Amino acid sequence: MQVFKFGGASVKDAESIKNVAHIMANYKKDELLVVVSAMGKTTDRLSEVAQHYVDQTGQAFTYLEEVKAWHQDILAHLFHDPAHPIFDEIANCFVEVEWVLEEEPQDSYDYLYDQIVSTGEMVSSKILAAYAKHKGIPVKWVDARDYILTDNTYREAVVDWEKTEEKIRRDLPAVLDDFVIVTQGFIGSTSENFTTTLGREGSDYSAAIFASCLNAEDITIWKDVPGVLNADPKWFDHTELIPELSYTDAIELTYYGATVIHPKTIKPLQNKKIALNVRSFVNPAATGTFIRSTNQGLPVPSFIFKVNQVFVNIQPRDFSFIVEDNLSHIFNLFHSNRIKINMMHNSAISFCVAIDDTGKNIDTLLEELEKRYKVSVEKGLELITIRYFNQETIDRVLVNKQIIRELKDSYTCQLLVKKI
Ligand code: ASP
Ligand code: MG
């Protein structure tokens with residue numbers, strides 16, 4: 001069987017949904033499960049609703065109204081019969097959010113965020129399923145929350161693989177005999193049936209979970225780019241498509257920040273040797289990139305750029321060395337503030353990192369660090385990672401840049417730099 005994943009950009013308006021249904025009809029080799037993200041920028045819009053609700057600004061309903069109207073407009077372009085049941089189904093999804101908004105917020109922000117934001121995937125999957133059915137594809141809509149079981153770390157839920165696998169294996173193979181399954185990315189559920197989300201851009205990961213549990217032959221992530229490129233076209237005029245990539249290189253590239261695939265996606269696929277194809281929904285005939293088990297290194301050096309980096313240099317106040325107990329204390333602070341380290345380096349008396357500038361939680365982290373360490377901070381930096389680097393590639397990215405820190409191993413070079 002195959003798994004297809006369609007992200008927000010592939011379902012951003014009525015025409016795009018028609019295109020996705022067309023791809024589903026054309027490329028269905030055998031059994032097919034389709035994972036879909038929220039449409040366009042819906043997740044961002046719904047997180048604004050959640051923020052206004054928690055802050056009680058009085059604007060949450062207005063923001064929700066916009067999301068609703070935008071979806072209704074798309075529906076009107078897809079279904080010409082106003083009596084089609086999909087209109088009511090989508091209205092009902094939004095009514096559930098309104099029920100939440102009517103109450104005073106009692107629960108944590110993370111919990112409320114998941115209850116509100118998950119609506120984006122609920123409505124996109126219902127709309128896609130209804131439209132594909134309308135076009136004659138035998139579709140069954142499946143609620144991913146009945147299958148992806150997680151703990152209760154809202155906004156970054158951890159999957160219970162054993163339970164998830166058991167449920168998926170029990171029910172879904174029989175459904176796949178007769179139907180194309182359409183389900184949601186990004187969302188799951190706790191054992192108490194509360195909705196959770198798997199972290200931003202987590203739909204790729206959902207697709208990998210379904211693929212792994214169903215022992216899929218392959219999985220295809222349909223993107224608005226031709227496949228995995230050696231750099232983000234935002235940064236380079238001339239990028240190259242990488243036709244084949246090993247699991248290891250794919251994991252390394254996403255770990256260092258290549259945004260083409262969610263970093264958690266590859267490992268479960270590698271474990272089961274399931275190939276991952278990244279290809280374009282704009283040009284579905286092109287083959288894109290295959291990620292699979294191969295000894296082939298990257299054909300060209302690959303570049304990953306991260307802007308808005310903060311360099312934090314941490315030194316013990318009591319002149320002690322940076323050793324295990326300091327390090328474990330420091331790592332715990334990063335973990336509890338949910339801050340991911342993009343680059344790190346330690347010497348005898350200092351530990352330094354580069355992290356994304358995510359605002360509030362960094363200020364909390366710095367305050368906590370300052371209780372025990374001397375901390376210096378530099379903001380507005382850029383982190384450039386080059387996989388399969390050589391001197392020429394380093395020179396290429398260092399034009400008008402000053403190096404703050406440089407780290408190299410045999411394959412990867414990380415440069416934390418400042419514009420000059
Ligand atoms: N809709 C979610 C997000 O935008 C999940 C995804 O797109 O993968 O983060
Ligand atoms: Mg997305």
Side-chain angles (χ1 to χ4, degrees), residues 3-13 16-17 20 33-51 63-64 66-68 70-71 74 90 93-94 97 109-129 142-145 147-148 150 153-159 182-189 195-212 219-225 228 232 250 254 257-269 276-281 338 340 356 358:
V3 173
F4 281 1
K5 182 263 172 170
F6 291 99
S10 68
V11 287
K12 68 177 191 316
D13 50 29
S16 324
I17 291 174
V20 167
L33 180 143
V34 175
V35 169
V36 67
S37 302
M39 294 162 62
K41 299 277 173 219
T42 302
T43 306
D44 292 333
R45 298 291 87 81
L46 287 172
S47 59
E48 287 164 1
V49 174
Q51 193 66 56
Y63 277 78
L64 180 65
E66 272 177 34
V67 179
K68 241 163 87 174
W70 185 79
H71 280 87
I74 291 176
I90 298 308
C93 290
F94 287 115
V97 184
Y109 171 72
D110 290 351
Y111 168 84
L112 293 166
Y113 171 100
D114 281 1
Q115 311 317 302
I116 293 170
V117 164
S118 53
T119 310
E121 269 70 15
M122 294 308 282
V123 297
S124 66
S125 60
K126 286 187 186 224
I127 294 173
L128 178 62
V142 161
D143 190 333
R145 297 171 302 182
Y147 295 97
I148 308 246
T150 70
T153 317
Y154 295 102
R155 294 184 68 195
E156 199 77 49
V158 178
V159 173
V182 172
T183 191
Q184 311 78 47
F186 185 48
I187 67 173
S189 154
T195 304
T196 52
T197 65
L198 308 177
R200 285 306 305 265
E201 305 300 328
S203 296
D204 293 347
Y205 183 41
S206 303
I209 297 167
F210 281 109
S212 163
I219 147 173
T220 302
I221 296 187
W222 297 88
K223 306 270 310 179
D224 54 1
V225 287
V228 179
D232 188 328
T254 57
T259 52
V260 62
I261 311 159
H262 189 281
K264 285 185 186 161
T265 311
I266 321 273
K267 195 70 199 143
L269 301 176
L276 168 59
N277 189 196
V278 181
R279 62 200 292 186
S280 161
F281 60 77
R338 293 190 175 185
K340 186 178 165 276
D356 294 334
T358 47

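Note that the structure is a prediction, hence the values are computed from the model and not measured. By convention here, the first residue in the shown sequence is residue 1. As the structure lists them, so they are numbered: ligands from 1, and atoms in each ligand from 1.
Distances from ligand 1 to the non-hydrogen atoms of Gly202 include at least one value under 4.0 Å. Contact analysis leaves Lys41 out of contact with ligand 1, as no non-hydrogen atom separation drops below 4.0 angstrom.
The aromatic rings of His262 and Tyr205 sit parallel to each other, their planes meeting at less than 30°, with 60° as the upper class boundary.
Ion pairing between a basic and an acidic side chain is recognised when a charged N comes within 4.0 Å of a carboxylate O; Lys12 and Asp224 show no such pairing.
Enclosure of atom NZ in Lys340 by more than 12 non-hydrogen atoms of other residues, nucleotides or ligands within 6.0 angstrom is indicated.
Neither the backbone nor the side chain of His262 comes within 4.0 Å of ligand 1, counting heavy atoms alone. Residue-level proximity to ligand 1 for Ser37 is carried by the side chain, the only part with a heavy atom below 4.0 angstrom.
Nearest heavy-atom pair across Tyr111 and Tyr154 is CD1-CZ, 3.4 Å. The two atoms that bring Ala38 and Thr43 nearest to each other are CB-OG1, 3.5 Å, heavy atoms only.
At under 3.5 Å, not a single nitrogen or oxygen of Asp204, backbone or side chain, sits near a nitrogen or oxygen of ligand 1.
Taking every non-hydrogen atom of Thr43 and a distance limit under 4.0 Å, the qualifying atoms of ligand 1 come out as 1 (N), 2 (C), 3 (C), 4 (O). The atoms of ligand 1 that sit less than 4.0 Å from any heavy atom of Arg200 are 3 (C), 4 (O), 9 (O).
Judged purely by distance below 3.5 Å, without hydrogens or angles, the side chains of Asp44 and Ser47 never pair a donor atom with an acceptor atom.
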